[in-house]
Amino acid sequence: MIDLSRLNPPQRAAVACTEGPLLVLAGAGSGKTRVLTYRVAHLMEMGVPAWKILAITFTNKAAREMADRVRQLTGEAGDEAWISTFHACCARILRRDIEKLGYKRQFAIYDADDSMTVIKSVLKAMNLSDKEYPPRAVRAAISDAKNRMLSPKEWLLDAGDDARNRKYSEVYAEYEKALRGNNALDFDDLLIRTLELLSQNPPVLEYYQRRFEYILVDEYQDTNAAQYELVRLLAGTKHNLCVVGDDDQSIYGWRGADIRNILDFEKDFPEAKVVKLEQNYRSTGNILDAANQVIAHNRGRKEKALWTEAGAGERIALYHALDERDEAAFVAQMARKLMGQGERPGEIAVLYRTNAQSRVLEEAFVRGGVPYRVYGGQKFYERKEIKDLICYMRALVNPDDDVSLRRIVNEPRRGIGEATIEQLASYAAQNELPLMSAVLDADAAGLSSRARKLVGEFGELMVDLTDAMYEQRPGEFVRTLIDRTGYVRALEAARTPENESRIENIKELEGAVAEFERLNPEGGLSDFLENVALVSDADAVDEAGGSVTLMTLHSAKGLEFDCVFLPGMEDGVFPLSRALYDDDQLEEERRLAYVGITRAKKRLFLSHARTRMLYNARSANPLSRFVGEIPARLIADSSQRGESRRVPPPSHARTGAAPRAGGRALGIEGVQKGYGGKFVGSQARALGGVALFRNGDRVIHRAFGRGEVVGVEGEGADQKVTVDFGGRTRTFSASIAPIIKVET
DNA sequence: GGTCTGCAGCTTTTT
DNA sequence: GCTGCAGACC
């Protein structure tokens, strides 16, 4: 029996109102996830089978958290509910019925990278220079068109029929053709094709409408036109649709999200009930106050009055750094200090505007010996060696996938060069065959005898691997793949540190497949590939909570932490320079600031750097206007008392490679002391650029794992450490290598 | 025909 | 500070 008394009155109303359309306007930290999970549990308690419930979230992380919390309330019965992202949900629907749209079941899902490859080849085939038609811009335009559900022709009408747009529209059309030829969908297609499937096949639509009697959509303010349409279709006529969102947290306008979807919900569903959640359970008064003041500078919002019963708490700290290194050092040292005060590392987060900001921060964390974890992008699967192996799998699962095949046909090197590939490709094009067919029919493609032999061998390899794929479980198959392609052997031939780390990554991939197999005993290779396409490593939650979180503000949405750092509070960084003169963009940046501030439960640290390396040049940016929008009374600002205490950089750090202490941090109690205090040793030294590691230190390397320092050479930024990883020793540059000291 | 090396350009945020 | 591409070299 779930206990509704643990909810406040509006929360309870939102849970209990199960029939008809419901809009829940949930301010930051107002218990939104709790409402959603209780709602699912409540529905089940009323006798609704879990499989009739569809809950859609924006990120995999949010989906997983929701699924976990539902399970806590309902037990295993809750596992039957579909709780997933829009994209994963669509992939699941398409996997079943995409043949009705003329694709084959084993369609590939292309990531942004693959899309770029396709676009580049389309531009090339059309003889358009990438100077005049930058692939990035073309891709963005196409994606934008798709998110607005516009076909190439419709897009042309909408964008204006000039010569340039006509070309864009042609590229878009060719791109679509190419994807189809490769039996592949891009991310946007997942939504578009699902819409197409449902609207063109009434029985399929009816099936899902009947099945999903109750639909919940999280982060509704971030839905785009296609997602909106999908929700409407699925909700059918019953309208048992509950959407939850906060217009102040709409931060995906650039991806086609349309804030009007939430603002107009009551117009779209006139019978809709509206519940406002305004009590904030997350943040202290000062933090909430700051957030409210900042967001109040936006226009056209739904009025909300977020309040809290919590006390004022500490004031918001503001650190004036000399440069980005100084700022990063401050963040790392402060994080360390907080940990010394008993804060769990998992309750500390550093949230930045752009991924590019993470590098300096990472370096500071490594130097300071503070365990951290960077969440961001799909880094792991984007690594060359991993992507290569994935492309082998994709080419095997989906023989129409020329894009993947081209990538691996000569990887590792087997003497099949560009010219040979082009010959094969033109043979394939003439006969309207996929490239793979040309490979298997190398004798007929008019190749030189040498090329014929090499391509023939490659074809045999692919045939053997196809057999293996059908006979073996994914875990075993990956090992076969690595062995038969000789991928690792090729890397081992040159034992460079780079290759060593690639081999380690490949081991990690093997591990990932094994883990997938364990969690999905029924899953085949294509299921694994789908997982890879839709689930980024950013979704891997750090269950142990043993490290500080570094991520972008965008990925932090929906999360909360005791202590939050917002570095880079500068006009030009946050808000981004391109948003400074555009009101709409500026408002979106402000909402992003609101999201950032409201992630913090107890303590918030803002910082800015007087100068910073930006786009390859050192620039000086003014303090972010968003900081100015926070009332001074809420800020513990250094510049108002005392003077800065400049510590001259140590002579051996004259290259500037080591971070310098000396930014001003007055008003933040104990920051300078923090350089001493409990962590005097390693911290003061880290800042001075003196020895960081000593013999006997236990360390963790991001790729090599646990080890022990067995040799140290040099000092400061130039320090070289030799580490023994259970028998294998490696030497690293201490300032660059991703090594963390485990015990101090 | 294939591979290696040096130089330019680029960076918003994500499924 | 990394990737893609062009040109030189094998």
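In what follows, chains are A, B, ... by sequence order, proteins preceding strands, each numbered from 1. Because only heavy atoms are used, hydrogens play no part in the values below, and waters and symmetry mates are left out as well, while side chains stay in. Predicted, not measured: the structure shown is a model, and the values here were computed from it.
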Using only heavy-atom distances, determine whether the side chains of A/Arg590 and A/Tyr594 contain a donor-acceptor pair under 3.5 Å. no
Residue pairs, two or more places apart or on separate chains, that pass side chain to side chain donor-acceptor pair (under 3.5 Å) and touch residues 84-96 of chain A: A/Arg95-A/Glu530
Send over the distance from A/Arg359 CZ to C/dG1 P, rounded to a whole Å. 4 Å
Ring pair (Phe, Tyr, Trp, His ring centres under 6.0 Å) with A/Phe626: which residues, sequence neighbours excluded? A/Phe574
Rounded to whole Å, how long is the line connecting atom CE of A/Met613 with atom P of C/dC2? 13 Å
Please determine whether side chain to side chain donor-acceptor pair (under 3.5 Å) holds for the pair A/Gln357 and A/Thr354, giving the CA-CA distance in whole Å, both sets of side-chain angles, and the decisive distance to 0.1 Å. CA-CA 6 Å; A/Gln357 289 167 257; A/Thr354 63; 3.2 Å; yes
For Watson-Crick and G-U wobble pairs within 3.5 Å on both distances, what is DNA chain B written in dot-bracket notation, | included for inter-strand pairing? |||||||||......
Among pairs that include at least one residue of residues 571-587 of chain A, which meet salt bridge (charged side-chain N to carboxylate O under 4.0 Å, His left out), considering only residues two or more places apart or in two chains? A/Asp571-A/Arg625
Member of A/Lys387, A/Arg406, A/Arg139 meeting the salt bridge (charged side-chain N to carboxylate O under 4.0 Å, His left out) criterion with A/Asp114: A/Lys387
Could you give the CG-to-C1' distance, from A/Leu94 to B/dT15, as a whole number of Å? 14 Å
Quick one: side chain to side chain donor-acceptor pair (under 3.5 Å) partners of A/Thr57, sequence neighbours excluded? none
Quick tally for nucleotides 8-13 of chain B: nucleotides whose base has a protein heavy atom under 4.0 Å get B, sugar-phosphate-only ones S, the rest -, giving --BBBB
Tabulate protein N/O versus nucleotide N/O from nucleotides 1-3 of chain B, keeping only pairs under 3.5 Å, one per line.
from	atom 1	to	atom 2	distance (Å)
B/dG2	OP1	A/Gly415	O	3.4
B/dG2	OP1	A/Gly417	N	2.5
B/dG2	OP1	A/Thr420	OG1	3.1
B/dT3	OP2	A/Asn410	ND2	3.3

Using the test side chain to side chain donor-acceptor pair (under 3.5 Å), find all partners of A/Lys120 that sit at least two apart in sequence or belong to another chain. none
Quick one: A/Asn224 CG to B/dT14 P, roughly how many Å, whole number? 16 Å
Side chain to side chain donor-acceptor pair (under 3.5 Å) partners for A/Gln227, two or more places apart: none
What is the separation between atom CG on A/Leu123 and atom P on C/dG4, rounded to the nearest whole Å? 16 Å
In whole angstrom, what separates A/Asp186's CG from B/dT14's C1'? 14 Å
Which residues satisfy the side chain to side chain donor-acceptor pair (under 3.5 Å) test with A/Glu492, sequence neighbours excluded? none
Please verify the inter-ring angle class for A/Tyr252 with A/Trp254; under 30° counts as parallel, over 60° as perpendicular, anything in between as tilted. tilted
Whether each nucleotide of nucleotides 5-10 of chain C has a protein heavy atom under 4.0 Å at its base (B), only at its sugar-phosphate (S) or at neither (-) is summarised, 5' to 3', as ------
Write down the distance between CG (A/Leu185) and C1' (B/dT15), rounded to a whole number of angstrom. 14 Å
Any residue meeting side chain to side chain contact (heavy atoms under 4.5 Å, CB included) with A/Met613, in chain and number order, not counting sequence neighbours: A/Glu324, A/Arg618
Separation of B/dT15 atom P from A/Asp114 atom CG, nearest Å, is 16 Å
With a 3.5 Å cut-off and no angle check, do the side chains of A/Ser607 and A/Glu327 form a donor-acceptor pair? yes
